[in-house]
Student: 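After the structure tokens below, expect a handful of questions from me.
Just so you know, residue 1 is the first one in the sequence shown, and it goes up from there.
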Amino acid sequence: MSHSIDWRGFERQHVWHPYVSMLDPPETWPVVSAHGVRLRLADGRELIDGMASWWCAIHGYNVPELNTAIEDQIQDMAHVMFGGLTHKPAAKLAEKLLEVAPKGMKHVFFADSGSVSVEIAIKMALQYWQAQGIRGKTKLLTIRHGYHGDTFGAMGVGDPVSGMHHLFSDMLPRHLFADAPANGTDAEWDDGQIVDLHQKIEQHQRAIAAVILEPVVQGAGGMRIYAPNFLRQVRKLCDAYDVLLILDEIATGFGRTGKLFACEHADILPDIMCVGKALTGGYMTLAAVLTTARVCAGVHKNASILMHGPTFMANPLACSVALASIKLLLDSPWQERVAAIESQLREELAPCLRLAQVADVRVLGAIGVVEMCHRVDMARVQPMFVEKGVWIRPFDKLLYIMPPYVISPDDLSYLTRAVYEVAAS
Ligand SMILES: Cc1ncc(COP(=O)(O)O)c(C=O)c1O
């Protein structure tokens, strides 16, 4: 089958791509189809996918069960507003989410993207205190190197240095940033890692509505992997100082770290939890905010209601495919798969540490990170990966792999070899 690429010239001149210049855009590669873990380019080449499309396509591409879910749902309705109307796909998905989420989550608010779910989570925390007549609890406390999305509320809690604060510092709310814990495990934990956060929560408790964190893995803020013990301590501090805990599981949810949700590594329950990305197996944009009964009751004190309602809230196609994706995941040997990916990544990325230009190698679940000593030259490195037949998209100093869980050992070796060769080049 031949694929015309006449549209390329137009697209280059008129369509923005993320985080690059519209006027002088870097090279992009046209994809015409995707199956399993392979992306087919317009020129016929196939790339093994190491990114799961920004971490969401956990089952790979063109998955029969997920295709069927969309096809079946579209016969009934593609969309209907959620204000005043309701539908079974939303109810069934909410039921499934509450069944698989950490015990204690009781209510679900559907949103249309991860960033928007973070906005809603923040709004819930603010309204929780407001509705109870507790004034002044308007700040969020978080840690450095975080990333929670590109909308304003989410940017406000992203890393103050490497995030987008410098561009919007006049418009962003002033939140509180504590030192992030070290890269490491519980075995390497020392109490010094929580001191700064402890001091800040103690000092500002009357002003803090919630702590917001990515549990165990900080993604786009640096692909950092920290000790679950940090989370346990944060949970205790939140309880002691009467502050809510929001966990952003958008990148970590649905098995990526080896547990269904990363907070399970610490065996803690958040008050508010955001999920997105892999929620639909990468088929459609959908996110959800889960809360405990206490948060829900607090938000509604004194006849208050949550002020949010996106047009595409609980889109039936997205809900149907999300339900099918969770079922597919739970029916699969996902824990064995992620554990096998983890040990293979550990073994095959370890040699990178011997390269002088590599600063660190870290692995958790189906996440393998090689941190270089210097910023990666994307103009040089991105085409190199494509030439090698893989899709790996570095950022900052990081070469990393987050493949679909269904990747075969041979394909994964192909990815790790490409990372080694590029790191060594
Ligand atoms: C932890 C985390 N939170 C929020 C977001 C934002 O999600 P979205 O891109 O769907 O708005 C991301 C996206 O990378 C993320 O990794």
Student: Lys139 versus Arg174: any side-chain heavy-atom pair under 4.5 Å?
Tutor: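 Touching, per the 4.5 Å side-chain cut-off.
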Student: Has Lys96 got more than 12 heavy atoms of other residues, nucleotides or ligands less than 6.0 Å from its NZ?
Tutor: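 Atom NZ in Lys96 is packed in, count exceeds 12.
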Student: In terms of ring plane angle, is the pair His79 and Phe312 parallel, tilted or perpendicular, where the classes change at 30° and 60°?
Tutor: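 Ring orientation of His79 relative to Phe312: tilted.
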Student: Show, in sequence, the C-alpha distance, side-chain angles and deciding distance for Asn67 and Tyr283, and conclude whether the side chain to side chain donor-acceptor pair (under 3.5 Å) test is met.
Tutor: CA-CA 9 Å; Asn67 291 356; Tyr283 264 58; 2.5 Å; yes
Student: Can a salt bridge be assigned to the pair Asp396 and Arg224 using a cut-off of 4.0 Å between side-chain N and carboxylate O?
Tutor: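 Salt bridge: no.
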Student: Go through the steps to decide whether Ile194 and Phe230 satisfy the test side-chain contact (heavy atoms from CB on, under 4.5 Å), and finish with yes or no.
Tutor: CA-CA 7 Å; Ile194 194 78; Phe230 183 80; 3.4 Å; yes
Student: So, taking the atom named CG in Leu415 and the one named CD1 in Ile401, what distance separates them when rounded to the nearest 0.5 Å?
Tutor: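 It comes to 5.0 Å.
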Student: Atom CD1 of Ile143 and atom NZ of Lys200: how far apart are they, to the nearest 0.5 Å?
Tutor: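 Nearest 0.5 Å value for the CD1-NZ distance: 12.0 Å.
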Student: If the test is side-chain hydrogen bond (donor to acceptor under 3.5 Å, both in side chains), which one of Glu202, His204, Arg206 qualifies with Tyr241?
Tutor: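 Among the candidates, only Glu202 passes.
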Student: Identify whether the distance between the nearest side-chain nitrogen and carboxylate oxygen of Glu119 and Lys123 falls below 4.0 Å.
Tutor: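 Between Lys123 and Glu119 there is no salt bridge, as every charged N stays at least 4.0 Å from the carboxylate O atoms.
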Student: Determine, step by step, whether Glu11 and His17 satisfy the side chain to side chain donor-acceptor pair (under 3.5 Å) criterion, reporting the C-alpha distance in whole Å, the side-chain angles of both residues, the deciding distance to 0.1 Å, and the verdict.
Tutor: CA-CA 10 Å; Glu11 195 255 1; His17 279 259; 2.6 Å; yes
Student: Look at the side chain of Asn229 and the backbone N and O of Asp186, then say whether any donor-acceptor pair between them is shorter than 3.5 Å.
Tutor: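 Not confirmed, Asn229 side chain does not pair with Asp186 backbone.
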Student: Search all heavy atoms of Asp196 against all heavy atoms of Asp179 and return the closest pair with its distance.
Tutor: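 Scanning both residues, the minimum pair turns out to be OD2-N, 2.8 Å.
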Student: What I want to check is whether the side chains of Ser53 and Tyr61 have a donor and an acceptor closer together than 3.5 Å.
Tutor: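 Present: a donor and an acceptor within the cut-off.
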Student: Spell out, as yes or no, whether a donor-acceptor pair under 3.5 Å connects the side chain of Tyr400 to the backbone of Met51.
Tutor: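 Side chain of Tyr400 to backbone of Met51, a donor-acceptor pair under 3.5 Å: no, none is there.
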Student: At their closest point, which heavy atom of Leu286 faces which heavy atom of Ala111, and how far apart are they?
Tutor: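 What the structure gives for the nearest pair is CD1-O, 3.5 Å.
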Student: By the definition side chain to side chain contact (heavy atoms under 4.5 Å, CB included), identify the one residue from Met372, Glu371, Lys397 that meets it with Asp360.
Tutor: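 Result for side chain to side chain contact (heavy atoms under 4.5 Å, CB included) with Asp360: Glu371.
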Student: Please check if atom CG in Asp76 has more than 12 non-hydrogen atoms from other residues, nucleotides or ligands closer than 6.0 Å.
Tutor: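 Enclosed: over 12 neighbouring heavy atoms sit under 6.0 Å from CG of Asp76.
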Student: Is a side-chain donor or acceptor of Ser320 paired with a backbone partner of Pro89 at a separation under 3.5 angstrom?
Tutor: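 Looks like no, no N/O pair under 3.5 Å.
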Student: Please give me the minimum heavy-atom distance between Ser117 and Ala288, naming the atom from each residue.
Tutor: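 Looks like CB-O, 4.3 Å.
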Student: Is Arg375 atom CZ crowded by more than 12 heavy atoms from other residues, nucleotides or ligands, each under 6.0 Å away?
Tutor: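 For Arg375, atom CZ is not crowded (no more than 12 foreign heavy atoms under 6.0 Å).
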Student: Please check if the number of heavy atoms outside His374 that lie under 6.0 Å from its NE2 is greater than 12.
Tutor: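 No, not enclosed.
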Student: Is a side-chain N or O of Thr142 found less than 3.5 angstrom from the main chain of Ile212, in a donor-acceptor match?
Tutor: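 Confirmed, Thr142 side chain pairs with Ile212 backbone.
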Student: When rounded to the nearest 0.5 angstrom, what distance separates CD1 in Ile268 from CZ in Arg232?
Tutor: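 Spacing of CD1 (Ile268) from CZ (Arg232) equals 8.5 Å.
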Student: Is the backbone N or O of Leu231 less than 3.5 Å from a side-chain atom of His265, with the two atoms forming a donor-acceptor pair by type?
Tutor: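 Here the side-chain-to-backbone pair does not exist.
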Student: So Phe385 and Leu47, do their side chains get closer than 4.5 Å, heavy atoms only?
Tutor: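 No - every pair of side-chain heavy atoms lies 4.5 Å or more apart.
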Student: Do you know which two heavy atoms are closest between Ala101 and Leu290, and how far apart they sit?
Tutor: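 Shortest heavy-atom contact: CB-CD2, 3.6 Å.
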Student: Do Met223 and Phe395 pass the side-chain contact (heavy atoms from CB on, under 4.5 Å) test, and can you show the C-alpha distance, the side-chain angles, and the key distance before you say yes or no?
Tutor: CA-CA 10 Å; Met223 304 303 291; Phe395 71 92; 3.9 Å; yes
Student: Could you check whether any side-chain N or O of Gln132 sits under 3.5 Å from a backbone N or O of Lys301, counting only pairs where one atom can act as donor and the other as acceptor?
Tutor: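 Not at all, since once roles are kept as given, no pair shorter than 3.5 Å links the two residues.
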Student: Is there a donor-acceptor contact under 3.5 Å linking the side chains of Ser413 and Glu348?
Tutor: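 There is such a pair (donor and acceptor under 3.5 Å, judged by atom type) between the side chains of Ser413 and Glu348.
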Student: Which is it for Lys277 and Arg256 under the side-chain contact (heavy atoms from CB on, under 4.5 Å) test, yes or no, and what are the steps along the way?
Tutor: CA-CA 11 Å; Lys277 285 194 187 281; Arg256 181 57 68 181; over 6 Å; no
Student: Could you check if a side-chain atom of Glu214 sits within less than 4.5 angstrom of a side-chain atom of His148, using non-hydrogen atoms only?
Tutor: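 Touching, per the 4.5 Å side-chain cut-off.
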Student: Rounded to the nearest 0.5 Å, how far apart are CD1 of Ile246 and OG1 of Thr291?
Tutor: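 Between atom CD1 of Ile246 and atom OG1 of Thr291 there are 11.5 Å.
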Student: Is the closest side-chain heavy-atom distance between His300 and Ile305 below 4.5 Å?
Tutor: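 Yes, at least one pair of side-chain atoms sits under 4.5 Å.
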Student: Do the non-hydrogen side-chain atoms of His145 and Tyr226 ever get within less than 4.5 Å of each other?
Tutor: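 Contact flag for His145/Tyr226 side chains = no.
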Student: Are any side-chain N or O atoms of Glu342 and backbone N or O atoms of Val363, one a donor and one an acceptor, separated by less than 3.5 Å?
Tutor: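 The answer is no, because no donor-acceptor pair under 3.5 Å joins these two groups.
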Student: Answer yes or no: are there more than 12 heavy-atom neighbours, outside Glu65 itself, under 6.0 Å from its atom CD?
Tutor: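 Result for CD/Glu65: enclosed.
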Student: So do Asp242 and Gln205 actually touch side chain to side chain, heavy atoms under 4.5 Å?
Tutor: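 They are not in side-chain contact.
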Student: Are Val161 and Phe177 packed together at the side-chain level, in the sense that at least one heavy-atom pair is separated by less than 4.5 angstrom?
Tutor: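 Contact flag for Val161/Phe177 side chains = no.
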Student: Working note: Glu71 + Thr68, criterion side chain to side chain donor-acceptor pair (under 3.5 Å); need CA distance, chi angles, decisive distance, verdict.
Tutor: CA-CA 5 Å; Glu71 284 158 12; Thr68 303; 4.5 Å; no
Student: Any donor-acceptor pair under 3.5 Å linking the side chain of Lys137 with the backbone of Ala210?
Tutor: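 No, Lys137 side chain to Ala210 backbone: no donor-acceptor pair under 3.5 Å.
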Student: Are the side chain of His59 and the backbone of Leu66 linked by a donor-acceptor contact shorter than 3.5 Å?
Tutor: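 A pair under 3.5 Å: no.
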Student: Run the side-chain contact (heavy atoms from CB on, under 4.5 Å) check on Leu237 and Leu197 step by step: do they pass?
Tutor: CA-CA 9 Å; Leu237 290 169; Leu197 189 136; 3.8 Å; yes
Student: Could you tell me if the side chain of Gln335 sits less than 4.5 Å from the side chain of Lys259, heavy atoms only?
Tutor: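 Answer no - side chains too far apart.
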Student: Could you report the tightest heavy-atom contact between Phe152 and Leu172, atom names first, then the distance?
Tutor: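 Shortest heavy-atom separation between Phe152 and Leu172 comes out as O-CD2, 3.5 Å.
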Student: Which pair of heavy atoms, one from Leu126 and one from Ala209, lies closest together, and at what distance?
Tutor: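 What the structure gives for the nearest pair is CD2-CB, 4.0 Å.
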Student: For the CE atom on Met171, are there more than 12 heavy atoms of other groups (residues, nucleotides or ligands in this structure) within a distance under 6.0 Å?
Tutor: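 Above 12, so yes.
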Student: Rounded to the nearest 0.5 Å, what separates atom OG1 in Thr280 from atom CZ in Phe254?
Tutor: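 Atom-to-atom, Thr280:OG1 and Phe254:CZ are 9.5 Å apart.
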Student: Output the distance between atom CG (Leu245) and atom SG (Cys263), rounded to the nearest 0.5 Å.
Tutor: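 If we round to the nearest 0.5 Å, Leu245:CG and Cys263:SG are 9.0 Å apart.
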Student: Okay, side chain of Glu347, backbone of Gln344: is any donor-acceptor separation there less than 3.5 Å?
Tutor: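 Between the backbone of Gln344 and the side chain of Glu347 there is no qualifying donor-acceptor contact (under 3.5 Å).
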Student: Whether Arg393 and Asp49 form a salt bridge (side-chain N of Lys/Arg under 4.0 Å from carboxylate O of Asp/Glu) is what I want to check.
Tutor: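 Looking at Asp49 and Arg393, the cut-off is not met.
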